[in-house]
2 protein chains.
Amino acid sequence: MEVAREAGVHPATASRALNPSARGEVSPRTVRRVVQAAERLGYVPNTLARGLRTSRSFVAALVIPDITNSLFPPIVRGAEQVLSAAGFTLVLTDTNNDPDSERGQIASMRAHGVDGFIIATARWQDSLLDELAADGTPTVLVNRRTAKSDLPFVGAEDQDGVRLCVDHLADLGHRNIVHLAGPSDTSTGRERSSAFRAAMRMRQLPLRSAILECASYSEAAGAAGAARLRASGRPFSAIVAANDLLALGAMEQLAGSGLQCPRDYSITGFNDLSFMSKLTPALTTVRVPLAEMGAHAARTLLGWIGSDGNPTSLRVLLPVELIIRGTTSPH
Amino acid sequence: MEVAREAGVHPATASRALNPSARGEVSPRTVRRVVQAAERLGYVPNTLARGLRTSRSFVAALVIPDITNSLFPPIVRGAEQVLSAAGFTLVLTDTNNDPDSERGQIASMRAHGVDGFIIATARWQDSLLDELAADGTPTVLVNRRTAKSDLPFVGAEDQDGVRLCVDHLADLGHRNIVHLAGPSDTSTGRERSSAFRAAMRMRQLPLRSAILECASYSEAAGAAGAARLRASGRPFSAIVAANDLLALGAMEQLAGSGLQCPRDYSITGFNDLSFMSKLTPALTTVRVPLAEMGAHAARTLLGWIGSDGNPTSLRVLLPVELIIRGTTSPH
DNA sequence: GCGGCAGCCACAATCGATTGCGGTCGAGCA
DNA sequence: TGCTCGACCGCAATCGATTGTGGCTGCCGC
């Protein structure tokens, strides 16, 4: 406020004049003087000083494993838009899939007085998140969640998505459907695979050795999974991959051993990353409203921060949609 | 330091004990007591308070136009890794391609006491950046630069890239090569198009109505450019697009009027976004070391911040590489 | 035995904004 | 005229860390 002392008033008065909710305690004439002085000096309040006094920094942190994975940019964008519209600043941290560096980053963010976290890196057992939940730091999980669901979570209707895939393939006449599952230390891996099991049972299709868990959500892991599938000799005419990258890796691997999609087998992905529609054949996949997820997570966080109390909703699952393209065909 | 007063010493002493460079002024015994007390309490220094006193926040801001454009995530990642290794925090802001919101975001960042900026949204005439340059805020431009080059810039050898494309096409026998240029309010648009002109002249190829400027770097603008090219009746057998998205849009548009690539024409892109190698036909394009660009920009910024003086290098251009794939063929 | 020096630490100011409390002044009323 | 009340504003503490200055203690040398 040193600057606005240019108006010839006490910093306390200037502070009140500039603060809409305390402006009533200052005469309109003084308010005018202060506002004009502030404009003249191009005054920007020092958020650090304010944060120090009020312990509110209007900063929210978004923690993601790898920004170069096309899954995350839409989430980031959705969150950014909501947050900046609410006057919040987004700090992004990319943990590089490394729990240790995640720990460090989150500690650093807290030292910076961040008001809350949106976390997209949750593992199924995640002690770090348990700690955050325990000490009441406003934290919202997005895309993945932890086993204990004591933190609000914004995700997608994974179960629906997988069922749509299985039904679609079954309707096309496929019976030997296998699932390239995601890692079991992620909620998406677990839930999509259990949804696969349920959907297959519903259709009375064979489940024996129909699920292969992949080590990570990457093309390399998808290729490795497909290689294991081939090596096992297990007959299959269709694959439900737990996400798009696994599907891509599997297709590449199978192409290497002469299997063409959709001539020799069908495959579905999950997430509908950008460019999936540009591939040849274009990938049949489940579209997830990623930007909405980010935006909704941000809104949930803002609600929590604003209420000073507990979060409002504990779990929100956004609807998904099956996008049928070229990688699925009748059997 | 209230917390470390648990050690029974004055906060000033604790501060010095915890500060490696001032530790000499405190007896080893006291240092040990303070360090132990800090560990016991799980002390994390309050960066706000520190920043308030020292006017150094160890935060750097990265300003990008649209995180969902695959061009930017690698840059973000490269910068993030360098910054967090140096103990800095990255705050990301997505301006949504809107200069007004960019102004607001940057003002907000400065209020937060950010130590410096990395900016990927530079326009050719950019008053906002002129202001930043004028008042000495550490700022590094990445990918694009402004007309006045008073700010350090980290980019790619665009000239080389375009020349490689033209030479490659000319070597394949193409003579009627046209350029889908980027917007002229970006440095990349201007420089790639002037490089195109130079390369064509070098090869003694016809330049008449060979350059079509696109309104933005998007698929839609690329499609519009291709439509204009068709409508003009200008003969062509090859296109040098100013970036991958323009190439994609053009290919889609031309496919709509029956022209197949590479049967009927060849085309090259620029940047080598992820998934460009997965298309059919896979895009021949210029690979730009995006992550390196981000990392180098971050290092340049850190150098500036650390030196308290002026930036070291004013312009760095990283080498590019032509990746020949399926969209170019002999004529 | 006393002056001086150095090592170690405490005091207090500072960064910029917020906020409870108290003081001043003018108006209204008896 | 004197008292009260309320509007308005200033004082000073506070948030947590940093840092220049000064004071205390103990040891050394003369």
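Every value quoted in this text rests on a predicted model; they were computed, and no experiment measured them. Reminder, nothing fancy here: chain letters follow the sequence lines and each chain counts from 1.
Summarising the geometry, atom CG belonging to A/Leu62 is positioned 8.5 Å from atom CG belonging to A/Leu83; distances are rounded to the nearest 0.5 Å.
Nucleotides of DNA chain D nearest to B/Asn19 and B/Leu48 differ in position, and the one nearer the 5' end is that of B/Leu48.
Note on A/Thr54: every side-chain N or O is 4.0 Å or more away from OP1 and OP2 of C/dT18. A sub-4.0 Å separation between OP1 or OP2 of C/dT14 and a side-chain N or O of B/Arg53 is absent.
The two residues A/Ala86 and A/Leu302 have their closest heavy-atom pair at CB-CD1, 3.6 Å.
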Checklist entry - Once each nucleotide of nucleotides 6-11 of chain D is scored for protein heavy atoms under 4.0 Å, what B/S/- sequence comes out, 5' to 3'? => result --SBBB

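Atom CZ in A/Arg50 sits roughly 19 Å away from atom P in D/dC15 (whole-Å rounding). Here the C1' atom of nucleotide C/dC8 and the CZ atom of B/Arg32 are 15 Å apart, to the nearest Å. Atom P of nucleotide D/dC15 and atom CZ of A/Arg56 are separated by 19 Å, given to the nearest angstrom. Taking atom NE2 of residue A/His112 and atom C1' of nucleotide D/dG16, one finds them 15 Å apart after rounding to whole Å.
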Item to check | Residue pair A/Arg123, A/Asp185: steps toward the salt bridge (charged side-chain N to carboxylate O under 4.0 Å, His left out) verdict | outcome: CA-CA 6 Å; A/Arg123 283 153 298 141; A/Asp185 64 343; over 6 Å; no

Checklist entry - Do B/Arg144 and B/Asp126 pass the salt bridge (charged side-chain N to carboxylate O under 4.0 Å, His left out) test, and can you show the C-alpha distance, the side-chain angles, and the key distance before you say yes or no? => result CA-CA 11 Å; B/Arg144 300 182 197 164; B/Asp126 202 320; over 6 Å; no

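Looking only at distances, a side-chain donor or acceptor of A/Glu80 sits under 3.5 Å from a matching main-chain atom of B/Asp94.
The only option from B/Ile64, B/Leu290, B/Val142 that meets the side-chain contact (heavy atoms from CB on, under 4.5 Å) definition with B/Phe72 turns out to be B/Ile64.
For B/Ser15, whose side chain is taken as the heavy atoms from C-beta onward, the closest listed nucleotide among C/dT19, D/dT18, C/dG16 is D/dT18. Distance from the side chain of A/Asn46 is smallest to C/dG16 among D/dG16, C/dT19, C/dG16.
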